[in-house]
Amino acid sequence: MNETARERATGAEDIIWDLSVFYQELDDPQIETDIETLKDMVEAFQACWRGKVAEMSAADFLSAYESLEAIYDLRGRLGSFAFLNFSTDTGNSGFQAAVARIEELESDLSQQMVFFDLEWNALDDEGAKTVLGDPALAKYRYYLEAERRYRPYNLSEAEERIIIEKGVTGSGAWTRFFTQLTSAFCFDWLGEEVNMTYVLNKMRDADRDVREMAWRQLTDKLQEKSMELTFIFNTLALDKANSDRRRGYASWISSRNLSNKASDEVVEALISTVTDNYDLVARHYRLKRALLEYDELYDYDRYAPLDLKESETFYVWERARAIVLDAFDKFSPRMKNVAQEFFDKHWIHAPVLPNKRGGAFAAPTVASANPYVFLNYLGDTRDVTTLAHELGHGIHMYLSGMEKGLFALYTPLTTAEMASTFAEMLVFQDLMAAEDDQEVKLSMLTEKIEDSFATVFRQISMNRFEDKMHNARRHEGELTAERFNELWLETQRDMFGDSVMITEEYGSWWSYVPHFLHAPGYVYAYSFGELLVLALYKLYQEQGDSFVPKYLDLLAAGDSDYPDRLLAQVGVDINDPRFWRKGIDVIEEWVTQAETLSRALYPEKFA
């Protein structure tokens with residue numbers, strides 16, 4: 001994508017991460033050495049423990065877990081290097097080959113290692129209780145205990161090995177194909193070739209014609225690729241259905257809830273609370289329609305900026321960096337210092353590039369290295385908050401890895417969003433406090449409301465789509481593109497009510513969402529995390545500086561205990577069904593504040 005297409009430089013064009021903590025290049029000879037070392041480590045692990053788990057003492061489990069930590073660390077270094085390179089250029093054949101090779105290696109090694117968890121879960125409860133009760137095993141007790149939750153769903157070792165092996169050419173292959181397919185989407189934008197990130201960003205343009213053109217371009221592309229995308233979704237939905245049936249999971253979401261360490265009751269309470277408050281979404285968009293003075297608000301108008309002073313605000317990279325670091329510093333110098341390392345040590349990849357994967361993420365990698373942040377930075381306000389969001393993830397990963405080691409790095413998806421959305425809140429509140437102009441405040445407030453809607457309400461509406469999609473695939477057989485569209489439109493219209501005109505063409509927009517394939521059931525975790533953070537932020541406002549060390553300790557704990565236990569230490573009870581209403585109340589306060597401010601600033605628009 002050339003300079004004309006990018007329109008103006010952001011300063012992020014040269015913000016490229018340094019992956020040399022792993023390897024220098026794809027042909028680094030250390031890669032081959034490490035692969036052979038890893039194979040030897042796995043072979044030694046098998047020779048030492050296969051068939052012996054039932055007789056192992058607590059000291060034996062301690063030794064075994066120390067070996068596992070070393071194996072997973074080396075495997076993670078190889079995998080992180082391949083995956084992070086591939087993310088920056090999914091069309092690069094060398095990166096594709098490296099990812100494929102590591103996936104195959106991981107599959108082979110996982111097949112050899114699967115015996116350990118199966119033998120542990122086969123141990124009777126009394127024997128397991130004896131092992132878990134030994135103080136020598138304190139460091140790893142939680143992980144061993146948590147693994148036994150999968151006991152009812154384990155298959156035989158032979159079956160587990162086949163599933164792992166076939167995953168490379170089955171679900172894993174189709175998911176990677178989806179990533180390569182969508183990352184390669186090219187669009188003709190006024191004579192210039194641009195990617196999907198660029199087009200999606202134009203959905204937030206102040207010019208309605210530009211927004212509609214972006215909407216049309218992506219809609220046309222999704223319809224053009226409808227056959228491929230529909231086939232991928234059908235195949236992966238059936239693969240999941242078969243897996244769930246084989247393992248005995250009660251529903252399509254059961255395995256995700258188990259992975260998230262969230263009970264079905266907690267998740268249902270979250271979903272019910274959000275869907276019961278869809279009227280807040282309609283209230284806001286009716287207000288926005290009045291402010292924009294549109295007869296009808298279409299789906300391509302959802303993220304239209306208000307035509308106020310801030311609508312053309314552009315943040316070069318250095319300014320975004322300063323805003324985020326300053327907000328973090330006011331909360332905690334330690335939080336700021338950790339974030340500073342991401343900039344100083346080149347742990348961020350920020351430019352928008354051809355074939356680069358869309359969106360943003362933070363990768364924990366391994367405890368012996370460091371996390372990385374992946375962005376597609378274009379310089380608008382949302383990119384600043386996305387920078388804060390992903391750095392929040394990075395800080396969470398850095399602290400938990402440093403304090404608790406490799407196993408604590410991989411937090412459940414529900415609490416994984418805890419630091420990221422809190423970091424966004426710090427930046428938002430800091431910017432709001434510094435702004436005196438009421439029109440700008442209104443613009444900032446409406447943008448924050450819409451970001452929260454996207455995180456809370458939209459993610460639950462997508463969860464409702466997933467629910468309908470997976471159940472339909474299981475009961476109706478292979479679904480047509482039109483059936484997918486119907487389910488998507490139904491769940492989107494449930495959320496917006498009559499406040500937004502959801503067109504039939506918008507029906508195909510389910511097909512570009514990667515979470516549905518990469519991690520089925522993932523999306524409700526965003527809502528979980530946002531509402532959790534709103535509750536935590538209220539605690540911070542009430543407790544002041546005394547809250548800070550407790551919060552940082554919570555982040556440093558990572559996945560070292562069940563989420564409800566960790567959160568109870570800062571005064572949060574996620575098992576109370578009424579808990580989720582606290583976060584909704586904060587969003588409702590913002591909507592009411594925006595309505596009041598709008599009527600005060602523009603009484604003529606509400607006459």
Side-chain angles (χ1 to χ4, degrees), residues 22 31-83 99-123 127-128 131-132 137 139-173 243 246-247 255 258-259 364-369 401 405-410 412 559:
F22 302 119
I31 293 177
E32 298 305 320
T33 300
D34 283 353
I35 287 174
E36 292 308 311
T37 299
L38 183 59
K39 291 178 179 177
D40 290 342
M41 291 168 70
V42 171
E43 185 177 335
F45 185 87
Q46 275 201 103
C48 191
W49 304 118
R50 174 181 281 280
K52 303 174 185 177
V53 176
E55 288 78 40
M56 285 170 61
S57 66
D60 290 333
F61 274 103
L62 179 63
S63 176
Y65 256 75
E66 288 172 346
S67 296
L68 281 175
E69 198 157 5
I71 289 169
Y72 292 152
D73 185 272
L74 186 53
R75 188 174 80 173
R77 297 176 73 85
L78 289 160
S80 295
F81 187 69
F83 167 74
V99 166
R101 184 185 184 194
I102 295 302
E103 286 179 346
E104 291 164 16
L105 174 67
E106 289 182 339
S107 172
D108 181 56
L109 297 181
S110 294
Q111 290 176 61
Q112 297 178 56
M113 303 273 293
V114 72
F115 78 89
F116 188 76
D117 287 338
L118 295 177
E119 288 188 33
W120 164 242
N121 283 344
L123 190 63
V131 171
L132 294 172
L137 202 57
K139 181 180 178 182
Y140 299 111
R141 179 183 299 115
Y142 162 69
Y143 306 109
L144 279 162
E145 179 185 282
E147 178 59 38
R148 286 181 68 82
R149 297 173 306 124
Y150 288 92
R151 191 180 183 197
Y153 312 108
N154 287 153
L155 304 175
S156 69
E157 183 179 346
E159 290 171 303
E160 295 287 1
R161 291 183 66 139
I162 290 171
I163 289 170
I164 294 168
E165 182 178 27
K166 295 297 290 182
V168 175
T169 53
S171 59
S243 177
R246 191 178 300 113
R247 294 189 180 279
S255 61
L258 195 65
S259 174
T365 73
V366 291
S368 67
L406 183 137
F407 289 110
L409 272 175
Y410 311 114
D559 183 29

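Atoms considered below: every heavy atom in the structure, side chains included; atoms not considered: hydrogens, waters and symmetry mates.
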* **Cationic N near anionic O, under 4.0 Å, E159 to R247** => no
Can I get a per-line list of side-chain donor-acceptor pairs under 3.5 Å for residues 164-172, giving both atom names and the distance, sequence neighbours left out?
unit_1: T169; atom_1: OG1; unit_2: K166; atom_2: O; d: 3.4

* Y143 (side chain) donor-acceptor with D559 (main chain) under 3.5 angstrom -> yes
* Structure fact -> When rounded to the nearest 0.5 Å, the distance separating CZ of F61 from CG of L132 is 8.0 Å
* Return the orientation label for the Y65 and F407 ring planes: parallel under 30°, perpendicular over 60°, tilted otherwise. => tilted
* Asked: Donor-acceptor pair, E119 side chain versus G51 backbone, under 3.5 Å?
  -> yes
* **Separation of L409 CG from T365 OG1 (nearest 0.5 Å)** => 7.0 Å
* Any chance you could measure I163, atom CD1, to S110, atom OG, to the nearest 0.5 Å? => 12.5 Å
* **is_close_aromatic(F115, W49), centroid dist under 6.0 Å** => no
* In Å and rounded to the nearest 0.5 Å, what is the CZ to NZ distance from R141 to K139? -> 13.5 Å
* To do: Identify the heavy atoms of G405 and A367 that sit nearest to each other, and give their distance.
  => C-CB, 4.0 Å
* To do: Kindly give the heavy-atom pair with the smallest separation between R50 and R161, and that separation in Å.
  => NH2-NH1, 3.9 Å
* **Identified side chain to side chain donor-acceptor pair (under 3.5 Å) counterpart of Y140 within the set E145, E66, E69** => E69
* Do L105 and L38 come within less than 4.5 Å of each other through their side chains, counting heavy atoms only? -> yes
* Any donor-acceptor pair under 3.5 Å linking the side chain of S63 with the backbone of A59? -> no
* Structure fact -> Output for pair (L406 CG, Y72 OH), nearest 0.5 Å, gives 9.5 Å
* To do: Would you mind reporting whether D117 and E160 have side-chain heavy atoms less than 4.5 Å apart?
  => no
* Asked: Counting distance only, does the side-chain N/O of R77 pair as donor-acceptor with the main-chain N or O of V366 below 3.5 Å?
  -> no
* Rounded to the nearest 0.5 Å, how far apart are CE of M41 and CG of L109? -> 10.5 Å
* Under 4.5 Å between any side-chain heavy atoms of Y150 and S259, yes or no? -> yes
* To do: Kindly indicate whether the side chain of M113, heavy atoms from C-beta on, has any atom under 4.5 Å from the side chain of I71.
  => yes
* Salt-bridge criterion met for E36 and K39 (N-O under 4.0 Å) -> yes
* Sub-3.5 Å donor-acceptor pair from the side chain of D73 to the main-chain atoms of A70, do we have one? -> no
* Side chains of M56 and F116 in contact at under 4.5 Å (non-hydrogen atoms) -> yes
* Asked: Are any of the side-chain heavy atoms of V53 and L123 separated by less than 4.5 Å?
  -> no
* Structure fact -> side-chain contact (heavy atoms from CB on, under 4.5 Å) filter on E43, not counting sequence neighbours, yields none
* To do: Report the C-alpha separation of S57 and D60 in whole Å, then their side-chain angles, then the decisive distance to 0.1 Å, and conclude whether the side-chain hydrogen bond (donor to acceptor under 3.5 Å, both in side chains) test is met.
  => CA-CA 5 Å; S57 66; D60 290 333; 3.3 Å; yes
* With sequence neighbours excluded, residues passing salt bridge (Lys or Arg N to Asp or Glu O under 4.0 Å) with E103 -> R176
